[in-house]
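Single-structure report; data block below.
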Protein chains: 2
Amino acid sequence: MAKSVFYHAGCPVCISAEHDIVELIGAEKVEIVHLGEVSSRIGEAEAAGVKSVPALVTSNGNVLHINFGASIADVKG
Amino acid sequence: MAKSVFYHAGCPVCISAEHDIVELIGAEKVEIVHLGEVSSRIGEAEAAGVKSVPALVTSNGNVLHINFGASIADVKG
């Protein structure tokens, strides 16, 4: 199975959700992307349909917005 | 690892998220509870901190609200 991608921005809600997702899915099955540090990938996240972080984009392209840390607009600053 | 519990209420958002979660985590690791059909468990979901469905309560008690289908108040009708 292709990897899922977990987008976050370092907020407390994001970090908590990241730990849960990694434990549930397995670290080898999910790529973690910190949009606050790798802002060049914000466009990729938006194109995938990510409206807020933390969010998980599954290998089949579905977006799961998990709780609510910050909107993508906030991440862009 | 103890099972996680996925609470939903049959809405389209819920069903889509259910498929994704089962595929990601594995059906053997998650109990699916349809609160629309098993309303006796709404109290349990609320006690766990579930504010809206679909939501996943992890084995360590964290609540992941995934996208937004309906509030618990709506599920209660």
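FYI, side chains are in, hydrogens and waters are out, and symmetry mates aren't considered; it's all heavy atoms of this structure. Throughout, a chain's letter reflects where its sequence line sits, starting with A, and its residues are numbered from 1.
Tracing side-chain contacts under 4.5 Å through hydrophobic residues (I, L, V, M, F, W, Y), one never reaches A:Val53 starting from A:Val22; they form parts of separate clusters. A:Ile42 and A:Phe6 fall into different hydrophobic clusters, defined by Ile, Leu, Val, Met, Phe, Trp and Tyr side-chain heavy atoms under 4.5 Å apart, directly or through other members. No path of Ile, Leu, Val, Met, Phe, Trp and Tyr side chains, each step under 4.5 Å between heavy atoms, connects B:Ile32 with B:Leu35, placing them in separate hydrophobic clusters. Both A:Ile72 and A:Tyr7 are assigned to one and the same hydrophobic cluster, defined by single-linkage of ILVMFWY side chains at heavy-atom distances under 4.5 Å. A:Val57 and B:Ile21 fall into different hydrophobic clusters, where Ile, Leu, Val, Met, Phe, Trp and Tyr side chains are chained together by heavy-atom contacts under 4.5 Å.
Of the inter-residue distances, the one linking B:Ile66 atom CD1 with A:His65 atom NE2 reads 12.0 Å to the nearest 0.5 angstrom. Taking NZ of A:Lys51 as the start and CG of B:Asn67 as the end, the distance is 11.5 Å to the nearest 0.5 Å. In this structure, CG on B:Asn60 lies 11.0 Å from NE2 on A:His19, to the nearest 0.5 angstrom.
With A:Leu24 as reference, B:Leu64 is the one residue of B:Asn62, B:Leu64, B:Val30 to meet the side-chain contact (heavy atoms from CB on, under 4.5 Å) rule.
For B:Val63, the part sitting under 4.5 Å from any heavy atom of chain A is the backbone (N, CA, C, O) and nothing else. Residue contact with chain B, scored on non-hydrogen atoms closer than 4.5 Å, involves the side chain of A:Asp20 exclusively.
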